[in-house]
Amino acid sequence: MALPTAKQEYAPDMDKPVMRIGAVAELLGVCVRMVRIYEERGLVQPERKNNQRLYSFNDVCWLARVRELINEEGYDIQEIARLISLPACWQLRNCPEELRVDCPVAESPGKQCWDVAQRQGRFSDCQTCQIYRIATERDT
DNA sequence: CTTCTTACA
DNA sequence: TGTAAGCA
């Protein structure tokens, strides 16, 4: 199985919780323990079925990016955890109501901005947002 | 057999 | 982080 990469088009299947932790660890090339640590640190919140962690391909995409940030770009888990704990971009930037009307990020409260904006591609301002950038920079 | 939690070096 | 125990 190939490691999934960030996608331009929205693929519904990417959100389906289908992989158990063993498969995720194998795809990422890390030990199972490490995947659990990412969760403990708040980097990912896999769904659970009967107390079994089930990860979606989007989860794996994100975790793969997390490892890039850590191994190749000098980030540590704490920094990444802090970034994703920040409020939505439109809150940080105090976007006016008028501009939120057509903003896919503001339409999906509770979701990370890159998770929403990336797949819909209609929020061009994300290019200047550091949170969005580090979260989606891939395949360059 | 795989995963889960907790604990320990 | 890696490993182990004891359970499900």
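Values below: every heavy atom of this structure, side chains too, minus hydrogens, waters and symmetry copies. Since we're looking at a predicted model, the values are computed, not measured. A, B, ... follow the sequence lines: proteins, then strands. Residue 1 opens every chain.
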J.: Hey, mind stepping through A:R53 and A:R48 against side-chain contact (heavy atoms from CB on, under 4.5 Å) and telling me if it holds?
T.: CA-CA 5 Å; A:R53 275 171 260 251; A:R48 293 238 185 178; 2.8 Å; yes
J.: Whole Å only: how far is the CD1 atom of A:I21 from the P atom of B:dC1?
T.: 19 Å
J.: Would you write out the dot-bracket form of DNA chain B, 5' to 3', with Watson-Crick and G-U pairs under 3.5 Å, [ ] for crossing pairs, | for pairs to other strands and . for unpaired bases?
T.: .|.||||||
J.: Name the closest nucleotide to the A:M34 side chain, picking from C:dT1, B:dT3, B:dT5.
T.: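 Shortest atom-to-atom distance from the side chain points to C:dT1.
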J.: Mind calculating the distance between CZ (A:R20) and P (B:dC4) to the nearest angstrom?
T.: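 To the nearest whole Å, that distance equals 8 Å.
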J.: Using the rule that Ile, Leu, Val, Met, Phe, Trp and Tyr join whenever any side-chain heavy atoms are under 4.5 Å apart, tell me whether A:I21 and A:L54 fall into a single cluster.
T.: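 Different clusters.
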J.: Taking the nucleotide of DNA chain B with the nearest heavy atom to each, does A:E40 or A:Q52 sit closer to the 5' end?
T.: A:Q52
J.: Between B:dT5 atom C1' and A:N50 atom CG, what is the distance in whole Å?
T.: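 Computing the A:N50:CG to B:dT5:C1' distance gives 16 Å.
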J.: Answer yes or no: does a side-chain N or O of A:R36 lie under 4.0 Å from OP1 or OP2 of C:dT3?
T.: no
J.: Any side-chain heavy atom of A:F57 sitting closer than 4.5 Å to one from A:V18?
T.: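 The answer is yes; the side chains approach within 4.5 Å.
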J.: Would you indicate whether A:Q78, at its atom CD, is surrounded by more than 12 heavy atoms from other residues, nucleotides or ligands within a distance under 6.0 Å?
T.: no
J.: Of all the choices, B:dT2, B:dA7, B:dC4, which nucleotide is nearest to the side chain of A:R33 once you look at every atom?
T.: B:dA7
J.: Return the value, rounded to whole Å, for the distance between atom OH of A:Y38 and atom P of C:dT1.
T.: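 Going from A:Y38 (OH) to C:dT1 (P), I get 6 Å.
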J.: Tell me, yes or no, whether the heavy-atom count around A:E79 atom CD, taken from other residues, nucleotides or ligands under 6.0 Å, exceeds 12.
T.: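 It does: A:E79 CD has more than 12 such atoms within range.
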J.: Could you tell me the separation between the CD atom of A:E26 and the P atom of B:dT3, rounded to a whole number of Å?
T.: 10 Å
J.: The side chain of A:C31 is closest to which nucleotide in this list: B:dC4, C:dG2, C:dT1?
T.: C:dG2
J.: Quick one: closest heavy-atom pair of A:K49 and A:P17, and the distance?
T.: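 Result for this residue pair: NZ-O, 4.3 Å.
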